[in-house]
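Down below is the structure, laid out as structure tokens.
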Amino acid sequence: MKDITENFGTLYHPKSALVFYQTKGMNSDTYVESFDMDKNGNPINAHPLSVREAIQLAKALKTAKEEKEPCLKSEGIISNAILHIDPTQNKVIWFTKAMQREMCFTENLGIPKGLVNVPPMLWIANKNSLSVFALGSNRRPKENRKLYNAPFFNVYESGNVCMGTVDVQIKKIASLEEFTIAWESYFFNSYFSHLMQDYNPINGNCVILWESLVNTNNTFPKEVLKKNGKTLKDILS
């Protein structure tokens with residue numbers, strides 16, 4: 001007979017088995033016996049289920065349940081700021097209008113901490129990563145809207161954000177609103193420290209730009225933004 005197991009894909013090997021015994025009657029008692037498996041998959045070494053084994057089983061069942069829990073479910077009417085949701089990838093695309101945010105910079109940049117006006121932004125995130133771009137206006141973007149590179153330190157030319165030592169805990173978040181708010185908070189509450197791979201994201205000097213904006217209430221100057229050749233449609237595809 002031909003061995004076709006190599007075509008099965010990932011092969012799982014039995015490690016242990018549980019047998020549940022139950023007494024008869026209305027107030028039945030249950031006893032659980034655990035078996036190890038030998039190299040041929042036969043049950044051996046029968047023994048009562050230990051506390052350690054029960055804890056491992058509970059953790060495995062909890063993890064499986066959490067993976068099936070609905071994620072990115074809105075708490076009410078979905079905000080007009082949400083542009084796209086992919087629940088299979090736990091991915092959201094949304095935009096924010098020009099706003100004032102507090103930003104922190106590392107000491108080596110010589111820029112004080114403070115409130116700044118930031119441009120309209122496009123956000124793309126899943127549970128593990130974040131990308132950001134700048135927008136030219138506060139209007140809700142359509143597919144043909146041209147994107148600009150995000151004018152921030154710690155952002156690659158591709159838009160990917162380097163979160164450094166920030167402890168991102170997005171996996172614990174279930175609702176759509178918590179997801180977007182958390183990512184915005186992680187981004188702006190991190191320390192902006194350096195240009196990525198010596199890439200300058202703006203037309204001009206990035207340090208001088210943010211020095212001119214911190215605690216001044218000056219509007220973010222659109223003319224410093226660099227077009228990156230992408231549109232929202234490119235991000236969606």
Side-chain angles (χ1 to χ4, degrees), residues 7-12 55-99 101-103 118-152 154-190 192 196 201 227-237:
N7 299 322
F8 288 172
T10 303
L11 185 62
Y12 293 86
I55 292 173
Q56 289 177 335
L57 176 61
K59 286 182 178 179
L61 294 174
K62 181 181 179 182
T63 300
K65 179 178 181 296
E66 287 176 347
E67 288 179 351
K68 293 180 180 179
E69 285 291 327
C71 189
L72 305 181
K73 183 178 179 181
S74 177
E75 296 174 349
I77 297 175
I78 296 178
S79 167
N80 189 55
I82 303 299
L83 302 173
H84 177 77
I85 304 173
D86 183 350
T88 62
Q89 301 294 325
N90 289 319
K91 177 181 177 182
V92 184
I93 300 176
W94 73 100
F95 82 102
T96 51
K97 296 180 179 181
M99 56 183 169
R101 297 295 299 248
E102 186 171 67
M103 291 178 62
V118 299
M121 294 174 61
L122 183 76
W123 306 71
I124 305 101
N126 56 32
K127 287 185 175 181
N128 303 307
S129 63
L130 172 70
S131 297
V132 291
F133 298 92
L135 298 169
S137 76
N138 284 330
R139 296 192 305 274
R140 190 176 195 269
K142 296 182 179 179
E143 285 190 346
N144 62 352
R145 175 72 70 86
K146 293 181 179 180
L147 305 180
Y148 297 84
N149 289 325
F152 302 96
N154 303 6
V155 180
Y156 290 95
E157 186 174 3
S158 64
N160 292 342
V161 178
C162 173
M163 298 305 297
T165 59
V166 177
D167 184 18
V168 177
Q169 296 290 338
I170 297 295
K171 291 184 179 179
K172 297 180 180 179
I173 295 171
S175 79
L176 178 62
E177 291 77 10
E178 288 174 321
F179 183 90
T180 57
I181 291 172
W183 267 123
E184 291 178 27
S185 178
Y186 281 128
F187 180 74
F188 284 114
N189 288 331
S190 64
F192 293 90
M196 304 305 297
K227 291 182 180 179
N228 62 13
K230 292 182 180 180
T231 63
L232 177 56
K233 186 176 182 179
D234 296 323
I235 301 298
L236 292 170
S237 61

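Worth knowing before you read on, the calculation uses all heavy atoms, side chains too, and leaves out hydrogens, waters and symmetry mates. In what follows, residues are counted from 1 in the order of the sequence shown.
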Taking C-beta and beyond as the side chain, do [X] and [Y] meet within less than 4.5 Å on heavy atoms?
| X | Y | value |
| --- | --- | --- |
| Ser137 | Arg145 | yes |
| Tyr186 | Val161 | no |
| Lys227 | Leu147 | no |
| Tyr148 | Met121 | no |
| Pro119 | Leu135 | no |
| Glu157 | Pro201 | no |
| Thr231 | Glu143 | no |

- Applying salt bridge (charged side-chain N to carboxylate O under 4.0 Å, His left out), name anything that partners Arg139, two or more places apart in sequence or on another chain. none

Could you pull out the closest heavy-atom pair between [X] and [Y], with the gap in Å?
| X | Y | value |
| --- | --- | --- |
| Glu184 | Trp94 | OE2-NE1, 2.8 Å |
| Val155 | Gly159 | CG1-O, 3.7 Å |
| Gly229 | Asp234 | O-OD2, 4.1 Å |

Only counting residues at least two apart or in another chain, list the ones meeting side-chain hydrogen bond (donor to acceptor under 3.5 Å, both in side chains) with [X].
| X | answer |
| --- | --- |
| Ser237 | none |
| Asn138 | none |
| Arg140 | Asn80 |
| Glu75 | Ser175 |

What is the distance from atom [atom1] of [X] to atom [atom2] of [Y], rounded to the nearest 0.5 Å?
| X | Y | atom1 | atom2 | value |
| --- | --- | --- | --- | --- |
| Lys73 | Glu178 | NZ | CD | 13.0 Å |
| Lys146 | Lys230 | NZ | NZ | 15.5 Å |
| Phe95 | Ile124 | CZ | CD1 | 13.5 Å |

- When you look at Asn144 and Leu232, which way does the side chain to side chain contact (heavy atoms under 4.5 Å, CB included) test go after all the steps? CA-CA 6 Å; Asn144 62 352; Leu232 177 56; over 6 Å; no

- Query: So, Glu177 and Ser74: side-chain donor and acceptor under 3.5 Å apart, yes or no?
  - Reply: yes

- Derivation of the side chain to side chain contact (heavy atoms under 4.5 Å, CB included) call for Asn90 and Phe179: CA-CA 10 Å; Asn90 289 319; Phe179 183 90; 5.5 Å; no

- When you measure from the side chain of Asn160 to the backbone N and O of Tyr156, does any donor-acceptor pair fall under 3.5 Å? no

- Task: Could you give me the CA-CA distance, side-chain angles and deciding distance for Leu236 and His84, then say whether side chain to side chain contact (heavy atoms under 4.5 Å, CB included) is met?
- Result: CA-CA 8 Å; Leu236 292 170; His84 177 77; 3.7 Å; yes

- Counterpart residues, ring pair (Phe, Tyr, Trp, His ring centres under 6.0 Å), relative to Phe187 (two or more places apart): Trp123, Phe152, Phe192

- Message: Can you tell me which residue among Thr180, Ile93, Leu72 is in a side-chain contact (heavy atoms from CB on, under 4.5 Å) with Ile82?
- Response: Thr180

